2 protein chains.
Amino acid sequence: MIRVTLIGSGNVAQHLIQAFSKTTDVDLVQVFSRRTEAVTHLVDSRKVISDFTKLEETDVIIIAVTDDAIENVSNQILLHNQLVVHTSGSLAMTALHSNHRRGVFYPLQTFSKTKAIDFKHIPICLEAENETDYQTLENLARVISEVHYRVNSEQRRALHVAAVFVSNFVNHLYQIGDDICTENHLSFDILKPLIQETANKIMTLSPNEAQTGPAKRQDTTTINAHLSFLTDANQKEIYKLLTKSIIDNGKKL
Amino acid sequence: MIRVTLIGSGNVAQHLIQAFSKTTDVDLVQVFSRRTEAVTHLVDSRKVISDFTKLEETDVIIIAVTDDAIENVSNQILLHNQLVVHTSGSLAMTALHSNHRRGVFYPLQTFSKTKAIDFKHIPICLEAENETDYQTLENLARVISEVHYRVNSEQRRALHVAAVFVSNFVNHLYQIGDDICTENHLSFDILKPLIQETANKIMTLSPNEAQTGPAKRQDTTTINAHLSFLTDANQKEIYKLLTKSIIDNGKKL
C-alpha cells in the first residue's frame with residue numbers, strides 16, 4: 001500500500017484523486033486544497049486540508065498545481081526528507097525545494113474537467129533524484145497505468161513541446177475545419193471519421209508513411225485552388241506555411 | 001441489385017472494389033484499368049478491360065482516377081445517357097462531359113494502399129443532376145456505408161479544403177512530434193495515447209471546448225520557454241503562427 005498526499009484541485013489533481021480512489025493499492029492520506037469544496041465531491045472531507053502545517057509524512061507528496069505555483073507550494077512543505085514530486089511537463093525537477101527528495105510524476109495527457117478519462121493507457125513520465133524513490137514512483141505509476149517511461153527533465157521539456165504540436169495545435173486545426181464547415185452550411189460530423197482514421201493510421205504507420213494530400217504530391221493545381229478558395233487571411237497563412245513544410249520535408253528524405 | 005462499372009486502379013478504386021465485392025447488392029460488371037495487373041488480385045480478370053470501346057451500359061460508371069485525368073476519361077466514355085460519377089473532392093460535377101447524366105460519389109477518407117479500411121463509417125458525399133440518379137447513388141452509398149450526405153460542388157470544395165486541415169496538416173504535426181522525439185531519444189509511442197485522446201475528445205466536445213494548452217491560457221512564460229527550446233526555424237515559425245491563431249481565436253469569442 002502506497003501512502004500518497006495530493007496537493008491541488010485542478011484538472012490533473014481531480015483525475016489523479018479519481019484514479020487513486022479506484023484502487024486498494026493506494027492510501028490517499030490527505031488532499032490539500034485552498035478551495036475545499038473543489039474536491040469534497042471526490043474525497044472524504046476529513047482528508048481535505050487547507051493548511052500546510054497540517055501535512056503529514058507519506059510515501060510521496062504530489063504537487064498537482066499550475067506551473068507558476070509549484071515553487072511556492074514546494075517551499076511551504078516543511079517536512080524534511082520527504083519525497084515530493086510535481087506533475088508538470090515544462091518544469092525541471094529542480095524547481096522543487098532542495099530540502100525535499102525530489103521527483104516528477106508527469107501524466108502525458110490532455111485533461112478536461114468535463115470528460116472522464118481512463119488512466120490505464122496514459123503514459124506516466126517518471127524522474128527521481130535517487131533510485132529508491134524512482135522505484136516508489138514506478139510502483140505508484142503501475143497501480144494506475146499500464147505505461148510509464150523514465151524521462152529526464154530535458155527530455156520532458158521536449159515531450160511537452162511535442163505534445164503542444166500533436167495535441168493543442170492539432171485541435172486548433174480541427175477548429176479551422178469546423179469553421180470552414182460552418183461557413184459552408186456543412187455539419188462538422190462529416191469530418192469526424194476522417195479525423196479518427198488520421199489518428200488511427202499512425203498507430204501502425206509512421207507519420208511519414210501516413211502522409212497524403214496535395215502538398216505531399218506537390219499537386220500545385222489543387223494547392224492553388226485551395227488558396228484561392230480560402231478568404232480568411234489567417235487560414236491562408238497557415239495553409240501556406242504547412243504546405244511548404246510538408247514539401248520541404250519531402251525533399252529532406 | 002445495382003450494376004456498377006469502376007474506372008481506375010488507384011487507392012480509392014481498390015478500396016471501392018473491395019467494398020463492392022463484399023456485398024451481394026452490387027454487381028460489379030466491369031473494371032477498367034490500363035494496368036490490368038493492378039486489379040486482377042481483387043476482381044475476376046474476365047471483368048477487367050483496358051479499352052474504352054468495350055464499356056457496357058450499367059446503372060452507374062464510377063470514375064476513380066486522379067483529378068487531372070477525370071475530364072479525359074469522361075470524354076472517352078462514348079455511351080449516351082449513361083450515369084457517370086467521379087470520386088473527387090476538388091472537382092465540380094460539371095468537370096464530367098455533358099453527354100452524360102452526371103453525379104459525384106465522394107468518400108471522405110484518407111486511403112493508403114497498405115492499410116485496410118472499413119467503409120461502413122466513411123461518409124459518402126453525393127450529388128447528381130437529377131433526383132432519380134441521386135436515388136441510385138444514395139442506394140449504392142447505403143450498401144457500403146452507414147453515412148452519406150447531400151453535398152453540392154461548392155460545399156464539396158470547402159469540405160476538401162477542411163479535410164486538408166484536419167487530416168493532411170494534422171498528420172504533418174504528428175511528423176513534427178515524431179521528429180522532436182527522435183532528436184531527444186524518446187519513443188514516438190509516448191505521444192500516441194495523447195494523439196488518440198485529442199481525436200476522441202472532439203467526438204463529444206466542440207474543438208473550441210476541447211482546446212487546451214499554453215496558447216489557450218495565454219501562458220506567455222511557457223510559450224517563450226518552448227520557443228527558446230525549438231532550434232529548427234521551420235518548427236519555430238509553425239509554433240508562432242498556430243499560437244497566434246489560437247490566441248486571436250480566443251479573442252473573437
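These numbers were taken from a predicted model, which means no experiment stands behind them. Quick note on labels: first sequence line is chain A, next is B, and so on, each numbered from 1.
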Query raised in the report: Does a donor on one side chain sit under 3.5 Å from an acceptor on the other, for D178(A) and S206(B)?
Result: no
**Report entry** Residues in residues 193-201 of chain A near chain B [non-hydrogen atoms, under 4.5 Å]
**Finding:** P193(A), L194(A), I195(A), Q196(A), E197(A), T198(A), A199(A), N200(A), K201(A)
Report task. Measure the shortest side-chain to side-chain distance between Q175(B) and N208(A) over non-hydrogen atoms and say whether it is less than 4.5 angstrom. Result -> yes
Query - Proximal component of V147(B), with respect to chain A [non-hydrogen, under 4.5 Å] - result: neither
Query - chain A interface, residue from C181(B), G213(B), S167(B) that has the most non-hydrogen pairs under 4.5 Å - result: S167(B)
Query raised in the report: Is there a side-chain contact between L186(A) and Y149(B) (heavy atoms, below 4.5 Å)?
Result: no
Report task. Could you pull out the closest heavy-atom pair between N168(B) and Q211(A), with the gap in Å? Result -> O-NE2, 3.0 Å
Query - Choice from L205(A), V151(A), I202(A), L230(A) maximising heavy atom contacts with chain B below 4.5 Å - result: I202(A)
Requested in this report: Heavy-atom distances under 4.5 Å only: say whether T243(A) touches chain B with side chain, backbone, both or neither.
Outcome: both
Query raised in the report: With respect to chain A, which residue among S90(B), A210(B), S187(B) yields the maximal number of heavy-atom pairs within a distance under 4.5 Å?
Result: A210(B)
Query raised in the report: Does CD belonging to Q155(A) count more than 12 external heavy atoms closer than 6.0 Å?
Result: yes
Report task. Could you tell me which non-hydrogen atom of V166(B) sits nearest to which non-hydrogen atom of G177(A), and how far apart they are? Result -> CG1-CA, 3.9 Å
Query raised in the report: When L159(A) is tested against each of N184(B), L191(B), I180(B) for side chain to side chain contact (heavy atoms under 4.5 Å, CB included), which residue passes?
Result: L191(B)
Report summary line: One should read off an interatomic distance between I238(A) CD1 and F165(B) CZ, to the nearest 0.5 angstrom, of 6.5 Å
Report summary line: By ring-ring contact (aromatic ring centres under 6.0 Å, His included), H160(B) pairs with (sequence neighbours left out) H226(A)
Query raised in the report: Considering the options F169(A), Y174(A), Y239(A), which one meets the ring-ring contact (aromatic ring centres under 6.0 Å, His included) requirement together with F169(B)?
Result: Y239(A)
Requested in this report: For chain B, find which of T204(A), L91(A), T110(A), T66(A) contributes the most heavy-atom pairs closer than 4.5 angstrom.
Outcome: T110(A)
**Report entry** Sub-4.5 Å side-chain heavy-atom contact between L173(B) and L242(A)
**Finding:** yes
Query raised in the report: Do you know which of A225(B), S245(B), A215(B), C125(B) has the most heavy-atom pairs under 4.5 Å to chain A?
Result: S245(B)
Requested in this report: For each of E209(B), E154(B), E237(B), H121(B), tally heavy-atom pairs with chain A at distances under 4.5 Å, and name the one with the top tally.
Outcome: E237(B)
Query raised in the report: Of all of I190(A), I246(A), L241(A), which one pairs up most often with chain B through heavy atoms under 4.5 Å apart?
Result: I190(A)
**Report entry** Contacting moiety of I176(A), where chain B heavy atoms sit under 4.5 Å
**Finding:** side chain
Query - Between CG on residue N249(B) and CG on residue N234(A), distance to nearest 0.5 Å - result: 8.5 Å
Query raised in the report: Of the listed residues (H185(B), H172(B), R157(B), K244(B)), which shares the most heavy-atom pairs with chain A below a 4.5 Å separation?
Result: H172(B)
Report task. With the side chain counted from C-beta on, respond yes when T221(B) and D67(A) share a heavy-atom pair under 4.5 Å apart, and no when they do not. Result -> no
Query raised in the report: chain A heavy atoms under 4.5 Å from T212(B): which part of the residue, side chain, backbone, both or neither?
Result: both
Query - Proximity breakdown for D189(A) and chain B, heavy-atom pairs closer than 4.5 Å - result: both
